[in-house]
2 protein chains.
Amino acid sequence: MGRGKTQVKLIEDRTSQQVPFSKLRSGLHRKAFQLSVLCDAEIALVVFSPGGRLYEFANAG
Amino acid sequence: MGRGKTQVKLIEDRTSQQVPFSKLRSGLHRKAFQLSVLCDAEIALVVFSPGGRLYEFANAG
DNA sequence: TTGACTATATATAATTT
DNA sequence: TAAATTATATATAGTCA
């Protein structure tokens with residue numbers, strides 16, 4: 001998306017991963033939230049960054 | 001998205017939830033996959049539909 | 001950097017078949 | 001009708017402050 005078309009392939013450089021990781025993770029979280037609200041779905045989402053940091057989303061349904 | 005703007009609020013009618021649920025769940029899965037590949041992230045995603053069906057995505061990192 | 005912008009790719013609501 | 005299409009809303013890659 002955006003100005004360039006992205007290949008779904010590994011961004012090799014760890015530093016270059018950081019901004020995309022942050023943006024995509026945040027978008028994924030938003031989508032999970034929307035699905036949970038719109039369709040009354042229970043969702044758990046767990047993401048570990050390459051650096052080993054944990055991010056999670058969960059709703060109680 | 002699409003032709004109408006969607007409110008982030010519960011679709012009350014269970015039948016009317018079904019198509020959006022299927023589309024949004026599939027989009028969420030795709031986004032999770034993209035994040036896992038692009039940024040070498042480990043992700044687990046668990047979704048229960050209102051009907052109690054389980055959908056999951058996980059990558060081994 | 002971290003965040004804002006914006007041009008453009010993508011996702012999807014409504015529609016059609 | 002379930003799948004394909006299409007028009008449009010949304011997400012985001014690249015850019016810049």
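Within every chain, numbering begins at 1; the chains are lettered A, B, ... in the order of the sequence lines, protein sequences first and strands thereafter. What's counted below: heavy atoms across the whole structure, side chains too, no hydrogens, waters or symmetry copies.
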### Set of side chain to side chain contact (heavy atoms under 4.5 Å, CB included) partners for Tyr55(A), sequence neighbours left out
Phe21(A), Arg25(A), Val47(A), Ser49(A), Arg53(A)
### Query
How long is the gap from NE2 on His29(B) to CD on Glu56(B), to the nearest 0.5 Å?
9.0 Å
### Message
Just to be sure I understand the geometry, which residues of residues 26-33 of chain B put a non-hydrogen atom under 4.0 Å away from DNA chain D?
### Response
Lys31(B)
### Task
Go through the structure and list residues passing side chain to side chain contact (heavy atoms under 4.5 Å, CB included) with Arg14(A), not counting sequence neighbours.
Gln17(A), Pro50(A)
### Task
Report the distance from atom SG of Cys39(A) to atom CD1 of Ile11(B), rounding to the nearest 0.5 Å.
4.5 Å
### Task
Could you tell me the separation between the CG atom of Leu38(A) and the NZ atom of Lys9(B), rounded to the nearest 0.5 Å?
9.0 Å
## Note on the structure
Connected to Phe48(A), directly or through other members, by ILVMFWY side-chain contacts below 4.5 Å are Val46(A), Leu54(A)
### Query
What pair of heavy atoms forms the shortest contact from Leu28(B) to Lys31(A), and how long is it?
CD1-CB, 3.6 Å
#### Entry: For DNA chain D, the residues among residues 14-24 of chain A that have a non-hydrogen atom under 4.0 Å from it
Lys23(A), Leu24(A)
### Message
Ser16(A): which residues meet the side chain to side chain donor-acceptor pair (under 3.5 Å) condition with it, sequence neighbours left out?
### Response
Asp13(A)
#### Entry: Range on DNA chain C touched by chain A - first to last nucleotide, heavy-atom distance under 4.0 Å
dT6(C) to dT12(C)
### Shared-cluster residues of Leu10(A), by chain and number - hydrophobic side chains joined below 4.5 Å
none
### Message
Could you tell me if the side chain of Ser26(A) sits less than 4.5 Å from the side chain of Arg30(A), heavy atoms only?
### Response
yes
### Summary
CG (Leu35(A)) and CG (Leu45(A)) are apart, to the nearest 0.5 Å, by 11.0 Å
### Message
Using every non-hydrogen atom in the two residues, find where Asn59(B) and Ser36(B) come nearest and quote the distance to one decimal.
### Response
ND2-CB, 3.4 Å
### Overall bend - the helix from dG3(C)-dC16(D) to dT17(C)-dA2(D), comparing terminal axes fitted on five pairs, nearest 10 degrees
30°
### Message
Tell me every residue that passes side chain to side chain contact (heavy atoms under 4.5 Å, CB included) with Val37(B), counting only those two or more places apart in sequence or in another chain.
### Response
Val8(A), Phe33(B)
### Query
Under a single-linkage rule joining Ile, Leu, Val, Met, Phe, Trp and Tyr whose side-chain heavy atoms are separated by less than 4.5 Å, which residues share a cluster with Met1(B)?
none
### Near-strand residues of residues 1-8 of chain B, defined as heavy-atom separation under 4.0 angstrom from DNA chain D
Met1(B), Gly2(B), Arg3(B), Gly4(B), Lys5(B)
